[in-house]
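Below: one structure, written as structure tokens.
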Amino acid sequence: MLAIKRENKRRFADFARRNDNFTFDPEGIMDVQVKRLHEYKRQLLCAMHIASLQLQLHDDPNRDFTPRTFVFGAKAAAGYKTAKRIIELLLSMQNDINNDPACRGKLQVYFVENYRVSAAEAIMPAAQVSEQISTAGKEASGTGCMKLMMNGAVTIGTLDGANVEMYERLGDENMFLFGLHTDEIARLRQQGYDPARVASQDWEIQRVLDRFSQGFRDGKSYSDLVSMLLYGGDQYMLIADYRAYADTQKRLYERLADEDELARLAIMNTAKSGFFAADRAIREYAQNIWHVDV
Ligand SMILES: *Cc1c(COP(=O)(O)O)cnc(C)c1O
């Protein structure tokens, strides 16, 4: 399994060179979030965690760190301003982190231009971690999650959309769940959720948001995104879920540091993905919804 992933990452590196003239490092774990850019899908939550990892590497360049590359692929709808700002942020981070000596050989960010099916065909087989971190209750189903599972990527995700059915098959041993559930979000909102207060009690969140406001090496400030989170109600609960997300990332990468476990997780994910075959889904539709014999 690891040899196959290595070969597929090498092929993805060829794609990255052709598509973006980008030098992808195939040595680290390939951690992907590929899907339309939308606030509920929370690419910004992933960005917060990456910014924190960079700061942690600054704190202590010699700390134990499993090398990884975060790959994003996402298109934004034409008039969706916030989505475009998040893409801009990811590009600022890519530019900063990939030129940061403290991150060399450890942390890389790659935003794939023009995410499309042919890009997905290069990304999915190479992916090792799948980010399915939408706010609980927001994703109707999702299909990318299953494509990645089938290709042996291990999922870090919320109990949302098709992640629920994946979890029923994978269990805690083979999938990394975190975050508030739909009913918990409703309850928290009812009790009065104050993201600024939650942020003020978490030093890591504060540090990341300060970094976004200050900006990266291109000097662009993202204080508009920060204000939206702290004072705009944080509609998609990024601040509420950050602590659980960061802790689960840590737990996941501690497991992935062991190559046997990395291979086992990949094999288990592919092995358990048969349920998501189109044949089974169509058969159930035929029987239960269309009422035709097959
Ligand atoms: C699968 C796929 C999607 C949908 O991804 P989700 O994670 O389910 O939102 C979007 N775009 C492309 C190109 C895909 O292949």
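First listed ligand is number 1; within each ligand, the first listed atom is number 1.
- The ring of Y110 has its center no closer than 6.0 angstrom to the ring center of F70.
- Ligand 1 is surrounded by V34, K35, K41, Y115, R116, V117, A120, G142, T143, G144, K147, each with at least one heavy atom closer than 4.0 Å.
- Every pair passing salt bridge (Lys or Arg N to Asp or Glu O under 4.0 Å) that includes a residue from residues 31-54 is listed here, sequence neighbours excluded: K41-E139, R42-D241.
- Counting side-chain heavy-atom gaps under 4.5 Å among Ile, Leu, Val, Met, Phe, Trp and Tyr, M268 is found in no cluster with other residues.
- Both the sub-6.0 Å distance and the 45° axial angle are not jointly satisfied by R197 relative to the ring of Y193.
- Within the structure, salt bridge (Lys or Arg N to Asp or Glu O under 4.0 Å) contacts touching residues 204-215 (residues at least two apart or in different chains) are D59-R207, D96-R211, E204-R243.
- Between L229 and L44, the closest side-chain pair of non-hydrogen atoms falls below 4.5 Å.
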